[in-house]
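Everything below concerns the one structure shown next.
For ligands, and for the atoms within them, numbers begin at 1 and follow the listed sequence. Values below: every heavy atom of this structure, side chains too, minus hydrogens, waters and symmetry copies.
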Amino acid sequence: MWNFSSGPSMLPYDVIHQMSFDILDWNSTGVSVFDISHRSKYFEIIYNEAESDLRELLGLSSDYCILFMQGGGQGANAIIPMNIIGRNGINMADFIVSGYWSSKSYIEACKYGDASIVASSNYAMKIDYQDCNPYTWFPKIESIKTRACSSYLQFCSNETINGVEFVDWNGLVNSIDGNAVLVADVSSNFLTRELDINCTGVVFSCAQKNAGISGVTIFIVRKDLIGMSLNICPSVFDYKNVVNSESRYNTPPVFAIYVSGLVFKWLKSNGGIKRMESNNLEKSRMFYDFIDSTSFYTNTIHSSVRSRVNIPFFLKNDFLTDIFVEKAESSGIINIKGHRSMGGLRASMYNAMPIDGINALINYMRDFERYYG
Ligand SMILES: *Cc1c(COP(=O)(O)O)cnc(C)c1O
């Protein structure tokens, strides 16, 4: 089965294979990895290797800490304001809204201070436009005006549902007036291509897309941003406590961190992020080339910001969508349905999806068009 789910999604086969041994006996210790305490020397090894492998993969500067936390991508939308929204003395943060997830980030932050949308690419907000995907571009950098006292400017580097990916992070940093730091939700394109993390204040990623299984949320935080949380911040979510305890202030998701560590090792032995980037470029190019070659399928995202890993698309005749999904399954293609907020279809092709999977999908789509077109 080719699993095109947006998350939880495919894990590399090698990772699952290794897990199947470690569940019975981790590292010839006679202990299952499920039985490992977060206070044990075994977890010390798992944690230190995961941390250092990730640091190496990202080429991360020593100015940053890596935190393994919980709460998921949406938890991060609250954890970030509780930790840094007050850094300039007044609780203020700016947001770029380019799709479903950045919109959710903004709404959550409103609970903690003065949050403002400083740029949006929502088509439906501007004109009465009822297309299925209201976000098809990323706001022009020149149009983004941050506020002088703002603590941070948050955006989503890859809108998983809308299929908009933005990577000119340095351009964004240069557009900031005042001393806001850049905050990025990288949940769906983390580790899929080179990203300029060293120009940001905070990035976060939930794990269930490219970094393992659900249960752990990875934060990469510039060290000078640690230790300025709001009083209301729960102790377990305070960066200072998490850093000082090496992500063990309370019981961490031991198994999820272990799986992330296996994924990092898999990445290292498969050419690292550079190699993932070229694979993902190739896979997405094949898919977009196919979609653009026929009017039977459409994707309306501006070509400069088309996501390489989450590709929403529609059938010209929407009444065929359910039939498309149903027949796909019997051709070995699963989880191809679009997000409930948008309908249509979506192919998520993260690091673990091989080129053969893309070929299978395109062949299926070609046959489907031949029959119903
Ligand atoms: C999946 C996803 C989230 C939500 O993550 P949860 O762990 O379900 O809260 C947030 N942002 C982006 C960009 C995502 O892809």
Side-chain angles (χ1 to χ4, degrees), residues 3-11 67-82 93 95-109 111 115 117 120-122 133-135 138 152-167 169 172 182-193 195 197 200 202-220 234 236-237 252-253 255-257 259-260 263 280 284 301 305-312 335 337-342 346-353:
N3 182 1
F4 287 92
S5 173
S6 59
S9 51
M10 274 184 81
L11 279 174
L67 287 62
F68 292 86
M69 296 176 70
Q70 298 182 71
Q74 297 194 62
N77 287 331
I79 289 170
I80 287 168
M82 285 193 290
F95 289 79
I96 299 170
V97 170
S98 58
Y100 181 94
W101 287 117
S102 49
S103 162
K104 284 210 133 179
S105 298
Y106 158 71
I107 291 165
E108 187 68 22
K111 296 178 182 171
I117 297 176
S120 167
S121 58
N122 188 337
N133 188 355
Y135 297 93
F138 195 88
Y152 61 93
L153 172 65
Q154 182 164 342
F155 74 106
C156 178
S157 64
N158 184 67
E159 288 284 0
T160 320
I161 293 169
N162 307 88
V164 173
E165 185 168 21
F166 178 79
V167 292
W169 296 11
L172 267 190
L182 201 61
V183 170
D185 176 354
V186 299
S187 293
S188 50
N189 66 351
F190 189 50
L191 305 170
T192 67
R193 62 190 295 165
L195 297 170
I197 295 173
T200 67
V202 180
V203 305
F204 67 91
S205 176
C206 52
Q208 67 269 20
K209 278 123 189 185
N210 286 289
I213 59 168
S214 63
V216 61
T217 312
I218 296 166
F219 286 77
I220 299 172
V236 291
F237 292 147
F255 187 72
I257 293 172
V259 177
S260 294
V263 170
N280 292 328
S284 56
I301 319 266
V305 292
R306 276 177 157 184
S307 172
R308 291 181 186 172
V309 283
N310 303 103
I311 308 184
N335 296 319
K337 209 173 157 74
H339 187 264
R340 62 197 139 75
S341 70
M342 214 161 79
R346 172 173 50 164
S348 295
M349 40 189 84
Y350 298 128
N351 289 341
M353 174 63 70

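Using a 3.5 Å distance cut-off with no hydrogens or angles, the side chains of Thr192 and Arg308 do not pair a donor with an acceptor. A donor and an acceptor atom, one from each side chain of Ser102 and Gln154, are nowhere located under 3.5 Å apart.
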Using residues 204-217 as the side-chain source, report each donor-acceptor pair under 3.5 Å to any protein atom, sequence neighbours left out, with the distance given to one decimal.
unit_1, atom_1, unit_2, atom_2, d
Asn210, OD1, Asn351, N, 3.1
Asn210, ND2, Ser188, O, 3.2
Thr217, OG1, Gly72, N, 2.8

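A heavy-atom cutoff of 4.0 Å around ligand 1 is satisfied by the protein residues Gly72, Gly73, Gln74, Trp101, Cys156, Asn158, Thr160, Asp185, Ser187, Ser188, Cys206, Gln208, Lys209.
Looking at Arg306, its side chain never comes within 3.5 Å of a backbone N or O of Ile311 through a donor-acceptor pair.
Residues passing the side chain to side chain donor-acceptor pair (under 3.5 Å) test with Tyr350, sequence neighbours excluded: Asn310. By the side chain to side chain donor-acceptor pair (under 3.5 Å) test, Glu108 is found to be paired with Lys111, residues two or more places apart in sequence or in another chain being considered.
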